[in-house]
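Comments concern the structure below.
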2 protein chains.
Amino acid sequence: MNIENLELEEKAEEILALYKNKKYSQIKDILTEINPTDIALLFDEFEPEQQILFFRLLPKEEAAETFVELDNDTQEAIIRAFSDTELREVLDELYLDDTVDIIEEMPATIVKRILRNTDSETRASINTLLKYPEDSAGSIMTPEFVDLKKNNTVEDAFKRIRRTGVDKETIYTCYVTDESRHLIGVTTVKELLLHEYDDKIADLMETNVIYINTHDDQETAANLLSKYDFLALPVVDMEHRLVGIITVDDAMDVLQDENTEDIQKMNAIMPNEKPYLKMSVFETWKSRVLWLLFLMVSATFTSMILNAFEDKLSAMIVLTSFIPMLTGTGGNAGGQASAVIIRALSLKEVDFRDIFKVLWKEIRVGFVCGITLAAVNFVKIWFVDRLLLGMDGITLKVDLVISLTLVIEIIFAKAVGCAFPVLAKKIKLDPAVISQPFITTVIDALSLLIYFALATSILHI
Amino acid sequence: MNIENLELEEKAEEILALYKNKKYSQIKDILTEINPTDIALLFDEFEPEQQILFFRLLPKEEAAETFVELDNDTQEAIIRAFSDTELREVLDELYLDDTVDIIEEMPATIVKRILRNTDSETRASINTLLKYPEDSAGSIMTPEFVDLKKNNTVEDAFKRIRRTGVDKETIYTCYVTDESRHLIGVTTVKELLLHEYDDKIADLMETNVIYINTHDDQETAANLLSKYDFLALPVVDMEHRLVGIITVDDAMDVLQDENTEDIQKMNAIMPNEKPYLKMSVFETWKSRVLWLLFLMVSATFTSMILNAFEDKLSAMIVLTSFIPMLTGTGGNAGGQASAVIIRALSLKEVDFRDIFKVLWKEIRVGFVCGITLAAVNFVKIWFVDRLLLGMDGITLKVDLVISLTLVIEIIFAKAVGCAFPVLAKKIKLDPAVISQPFITTVIDALSLLIYFALATSILHI
């Protein structure tokens, strides 16, 4: 059963009522009806001592599945409350990549306890996995996969899956390796099921295997899985030996995390993986204040420009009234271009070689957008601002200056907006770090320069 | 083999060279080595008549897989060039949900030809699928899944999979239905493989099935798949009868599309599914100009405010110099809050019931951000703008007005930025439509009002 937030709260209340009356076996019945993912969500509503008690009520396998989904603080509290036997039971049920994820977030004392309670083979695998750089394909892979040999038959394959499959995160994609563990082929359980028992793996395997290296970026891995619609992607080391696989559910999480990160960066926030409601005010402040400060100080340029044109502004104060509209529109136009390009870069629809194609397109789009906006603006200022709202000092020439500024600034804004992310990518910066606010700040200054240049030459001030 | 963009261009050149010398069988050899997803990318580099020729070189199954990945224009051109026999061969190999996707994009004459060339059973399924609303779970599901009965044995199940599995998009999750096709359980091939041949499905199936209704949103379906790490999600009709499944690869595409759409909306762009480089200048203009116009006209408010304070501004022209910095900082602060909240809403981390929690947090974050920025700004204006850059008219009181404005506007900006998306969601609007530029426009006006109120009372102008 899928549980909505509201239902979740009701369940929590029900369980807490049973807890008060010490009806633990009824709590157990409720919990075993619920998917582990939802149990973990439910646990957010309980006190630490309740969490530990309820966790102990779960059947072994469900306990492990729930444990993986809990947040780090709850995991830590539960491990602290565990006896070594209990800890070992949960660890036995965990997939290796999940164990590693947990270890990465735990304090040293807990890590020691976890390692002490795993067998030496597992411990060796954990240590290998821990060595891969953060955000690398190696760091999210699991070394537990089904491997076959090319002279196996379909029957051999099924025997092997039946014997070893219970511990594997996925059994549906099987990898064929040679004696030195080099990856030479891939097949699927579907393929196996559709063949005869005595068919040879060598005859049915796909030999054009798409794989990734342990040190490649995890986002690249996730994009490959998504592009080719795979359930798992094999990961090889420098010697082309198969060392692990990345499963589609982890790839999906990576994509979602990367999307969140992109949205944060595009809006001048330093990326943070914590869910919004779990971040403290201090943490939130920390993730936002540096960019705000940087952008505020960058705005010194616009202040300088305005200060330099102070005399002209005081001679024709009406020009001031349209400054926020002009900088705002420039920023919006540039922001549109940069958002689209940042997304296209991250979906690999565009790369550096396309820069002139992109620029030429954005300049044309800027031109038609600029003309449209200028035309509407010209009429609006004349009839609404001047006649209807009775603003002082609007002349045909003033209207012309403002409208012309729009055309030129929008073309510039589109060009800057699309070029910055592509150039950032070229110099190995994350394009999303070229945030909208940053582009807006640049375009603000540009817009003002265009505005005053036009004002000077057309209005002779 | 996974092909990078650069390799892709080399392959294309190699193929074109062979094409000139009419070495078609060598082209065939190259193409069969490449994954269909990459063949489709490769086709972008060829002329229409080449595409059709090369397509005919592909083996049947590979041809169908490639066809699905091609863009709509190429698909249309190929169908037009096809004889009915060729068309039927490709259609036979396609999964039903893919056929429906293609039909939805084709002109009526092509649709008629497609339907004429499918058997009556398939035609009926297609017509049913076409009736589901766009963006609904029904519209992305496939009616081809493995269904079992609860008194089947594991052996029966494998027989059924072997017999019918070849046409199913996924066989790994099997659904158990009763006589009236109601969904009563679910199991996996992994589970089946780990049980004895004579075990009963009823004993090993999971009865707490998580499912979705045909009319639910496709994004909800994708989120469920991602949340529970499923390979497929069952879709039931109003009578709880199992009518289809949604596979994880389609869910991943939905999530990526929705993310793209969110980023577009957040940046005042009307969503468009076409890849960037395939959109014409006119289409790009269309997706961007309306929001730009709306926001430009909305900025009339800021013009009005500035116009109303014209006398005060001309009395103390230095105040003008800091307007872009103040509106910019307000917009950035509000944009941070709204981006974070829009993302949290779409990840379901936050909902309407959290509004006061969210507001209270953002107000506190706004307060500490505001204090930090005001402090830095106060010092910066005094020492950099006044002493170093020699701006005229800066007094301690002016500096105070600007810095105080920062504190108050940032608190307001954070509150507006977080509240708007939550309220939008409440009235069933897409929170992402409350774009950053829209919030910025509102905050621009607010910031100016705060600025002038403080200037009036502190500077007595």
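In what follows, chains are A, B, ... by sequence order, proteins preceding strands, each numbered from 1. Quantities reported herein were computed from a predicted structural model and do not represent experimental measurements.
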Do you know which two heavy atoms are closest between B:P324 and A:T302, and how far apart they sit? CB-OG1, 3.8 Å
Just do the side-chain contact (heavy atoms from CB on, under 4.5 Å) check on B:I317 and A:I317 with the steps written out, would you? CA-CA 9 Å; B:I317 194 83; A:I317 194 84; 3.8 Å; yes
Taking all non-hydrogen atoms of both residues, which atom of B:F230 and which atom of A:N35 are closest, and how far apart? CZ-ND2, 4.4 Å
Against chain A, label B:E65 side chain, backbone, both or neither, depending on which of its atoms sit under 4.5 Å from a heavy atom there. neither
B:N208 side-chain N/O to A:E33 backbone N/O, donor-acceptor pair under 3.5 Å: yes
B:T170, B:I161, B:L255, B:D250: which one forms the most heavy-atom pairs within less than 4.5 Å of chain A? B:L255
A:N307 versus B:L389: any side-chain heavy-atom pair under 4.5 Å? no
Rounded to the nearest 0.5 Å, what's the gap from CE on B:M296 to NZ on A:K380? Could you check? 6.5 Å
Selection from B:I381, B:V368, B:V384 maximising heavy-atom pairs under 4.5 Å formed with chain A: B:V368
Only pairs of heavy atoms separated by less than 4.5 Å count here; which of A:L225, A:D385, A:D262, A:L292 has the most with chain B? A:L292
B:Y276: which residues meet the ring pair (Phe, Tyr, Trp, His ring centres under 6.0 Å) condition with it, sequence neighbours left out? none
Do A:D38 and B:Y228 come close enough that some side-chain heavy atom pair is under 4.5 Å? yes
Indicate yes or no: at least one non-hydrogen side-chain atom of B:Q256 is less than 4.5 angstrom from one of A:R343. yes
Region of A:L313 in contact with chain B, defined by heavy-atom distances below 4.5 Å: both
What's the shortest heavy-atom distance between A:E362 and B:R288, and which atoms? OE1-NH1, 2.7 Å
Where does A:L193 contact chain B at under 4.5 Å (heavy atoms): side chain, backbone, both or neither? both
Determine whether B:Y172 and A:V189 satisfy the following criterion, side-chain contact (heavy atoms from CB on, under 4.5 Å), listing intermediate values before the conclusion. CA-CA 8 Å; B:Y172 301 131; A:V189 165; 3.7 Å; yes
How long is the straight-line distance from NZ of A:K286 back to OG1 of B:T372, given to the nearest 0.5 Å? 13.5 Å
One should read off an interatomic distance between A:R162 CZ and B:K190 NZ, to the nearest 0.5 angstrom, of 14.0 Å
Side chain to side chain, B:N267 and A:M266, heavy atoms closer than 4.5 Å: yes
Using a cut-off of under 4.5 Å on heavy-atom pairs, state which of B:D444, B:L406, B:I341, B:T440 scores highest against chain A. B:I341
With a 4.5 Å cut-off on heavy-atom pairs, point out which of A:V318, A:V248, A:D253 contacts chain B the most. A:V248
Among the listed options A:C369, A:A344, A:A299, A:A445, the residue most often paired with chain B at heavy-atom distances under 4.5 Å: A:C369
Are the side chain of B:Q336 and the backbone of A:A268 linked by a donor-acceptor contact shorter than 3.5 Å? yes
Run the side-chain contact (heavy atoms from CB on, under 4.5 Å) test on A:E310 and B:T320 for me, step by step, so that the C-alpha distance in whole Å, both residues' side-chain angles and the decisive distance to 0.1 Å come before the verdict. CA-CA 8 Å; A:E310 202 182 79; B:T320 310; over 6 Å; no
Under the rule for ring pair (Phe, Tyr, Trp, His ring centres under 6.0 Å), what residues qualify as partners of A:F438, not counting sequence neighbours? none
Can you give me the closest heavy-atom contact between A:E349 and B:L277, atom names plus distance? O-CD1, 3.6 Å
Given heavy-atom pairs under 4.5 angstrom as the criterion, report whether the side chain, backbone, both or neither of A:A222 touches chain B. backbone
At a heavy-atom distance under 4.5 Å, which candidate from A:D354, A:L306, A:V340, A:L347 has the highest pair count against chain B? A:L306
Heavy-atom proximity to chain B below 4.5 Å, by part of A:K265: neither
Is A:T32 in contact with chain B via its backbone, its side chain, both, or neither, using a 4.5 Å heavy-atom distance? backbone
Using every non-hydrogen atom in the two residues, find where B:M252 and A:S226 come nearest and quote the distance to one decimal. CE-CB, 3.6 Å
How long is the straight-line distance from CE of A:M325 back to OG of B:S298, given to the nearest 0.5 Å? 11.5 Å
So with a 6.0 Å cut-off around CZ of B:F158, is the heavy-atom count from everything else above 12? yes
In terms of heavy-atom pairs under 4.5 Å with chain A, the winner among B:D392, B:V297, B:I342, B:T327 is B:D392
Region of A:E258 in contact with chain B, defined by heavy-atom distances below 4.5 Å: neither
Heavy-atom pair count under 4.5 Å with chain B, highest-scoring of A:E206, A:Q264, A:K357, A:M304: A:M304
For B:P437 versus A:N332, what's the shortest heavy-atom pair and its separation? CB-OD1, 3.2 Å
Please identify, among B:I212, B:D229, B:V289, the residue contributing the most non-hydrogen atom pairs under 4.5 Å to chain A. B:D229
Give a yes or no on whether the backbone of A:S321 and the side-chain of B:S303 come within a donor-acceptor separation of less than 3.5 Å. yes
Scan A:L373, A:N377, A:T329 and name whichever one has a side-chain contact (heavy atoms from CB on, under 4.5 Å) with B:L293. A:L373
Go through B:K227 and A:L41 one step at a time and tell me if the side-chain contact (heavy atoms from CB on, under 4.5 Å) criterion holds. CA-CA 11 Å; B:K227 178 177 168 194; A:L41 289 177; 3.8 Å; yes
Reported CG-to-CZ distance for the pair B:L194 and A:R163, which is rounded to 0.5 angstrom: 12.5 Å
Most chain A-contacting option - heavy-atom pairs closer than 4.5 Å, from B:T300, B:L448, B:T207: B:T300
